[in-house]
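See below for the structure under consideration.
On a predicted model such as this, the values are computed, not experimentally measured, just so you know.
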Amino acid sequence: MMMDYIKELNAFKDWLLMNDLPTGAITLWHTLMAVNNATGWKERFNAPSSTVGQLMGLSKQGILDARKILMEEGVNSV
């Protein structure tokens, strides 16, 4: 199933208007969306922490912390 990138961006923006997330979690969400876009919107994709960290400017622990927050908030599946 092909994801509608603009629809997802707008839905996330709208969600953020009513919910607080740390900057790292927001950045991780946008980074994973960009990586998935580059893969052609696969249902599952691999994104090495080193690549994600380089794109985000976060350490591996920073990525893990941001991922945990997204999962706890139920923001898409990460």
Side-chain angles (χ1 to χ4, degrees):
M1 181 171 94
M2 186 76 149
M3 186 176 289
D4 184 333
Y5 194 30
I6 300 301
K7 183 178 177 181
E8 290 295 323
L9 289 172
N10 286 331
F12 186 62
K13 174 194 55 91
D14 291 345
W15 186 87
L16 285 173
L17 291 173
M18 301 301 289
N19 298 276
D20 290 326
L21 279 181
T23 303
I26 295 169
T27 305
L28 176 59
W29 185 90
H30 282 286
T31 300
L32 292 175
M33 288 292 287
V35 170
N36 197 6
N37 186 48
T39 70
W41 297 108
K42 294 180 180 179
E43 187 171 331
R44 291 187 169 268
F45 65 95
N46 292 323
S49 293
S50 59
T51 301
V52 173
Q54 185 175 15
L55 292 169
M56 292 179 61
L58 284 181
S59 67
K60 184 174 182 177
Q61 188 60 52
I63 294 166
L64 292 173
D65 293 344
R67 182 175 186 266
K68 180 180 178 192
I69 291 166
L70 290 177
M71 291 174 63
E72 288 171 351
E73 292 293 330
V75 179
N76 285 347
S77 48
V78 293

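- In N19, the CG atom is crowded: over 12 heavy atoms of neighbouring residues, nucleotides or ligands sit closer than 6.0 Å.
- The closest donor-acceptor contact from the side chain of T51 to the backbone of A47 lies at 3.5 Å or more, if one exists at all.
- Taking hydrophobic clusters as Ile, Leu, Val, Met, Phe, Trp and Tyr residues chained together by side-chain heavy-atom distances below 4.5 Å, V75 shares a cluster with Y5.
- Counted within 6.0 Å of CG on N46, heavy atoms from surrounding residues, nucleotides or ligands total 12 or fewer; the atom is thus considered open.
- Heavy atoms only, all atoms of each residue included: A25 and I69 are closest at CB-CG2, 4.1 Å.
- The shortest non-hydrogen separation linking I26 to L21 is CD1-O, 3.6 Å.
- L70 places a side-chain heavy atom less than 4.5 Å from the side chain of L28.
- To the nearest 0.5 Å, atoms OG1 (T39) and CZ (R44) are separated by 13.0 Å.
- Pairs of residues two or more places apart, or lying in two chains, that qualify as ring-ring contact (aromatic ring centres under 6.0 Å, His included) and include a residue from residues 6-28 are F12-W29, F12-H30.
- Within the structure, side-chain hydrogen bond (donor to acceptor under 3.5 Å, both in side chains) pairs that include any residue of residues 53-66 comprise Q61-D65 (at least two apart or interchain).
- I6 pairs by the side chain to side chain contact (heavy atoms under 4.5 Å, CB included) definition with D4, L9, N10, not counting sequence neighbours.
- The structure places OG1 of T31 at 12.5 Å from CG of N36, a figure rounded to the nearest 0.5 Å.
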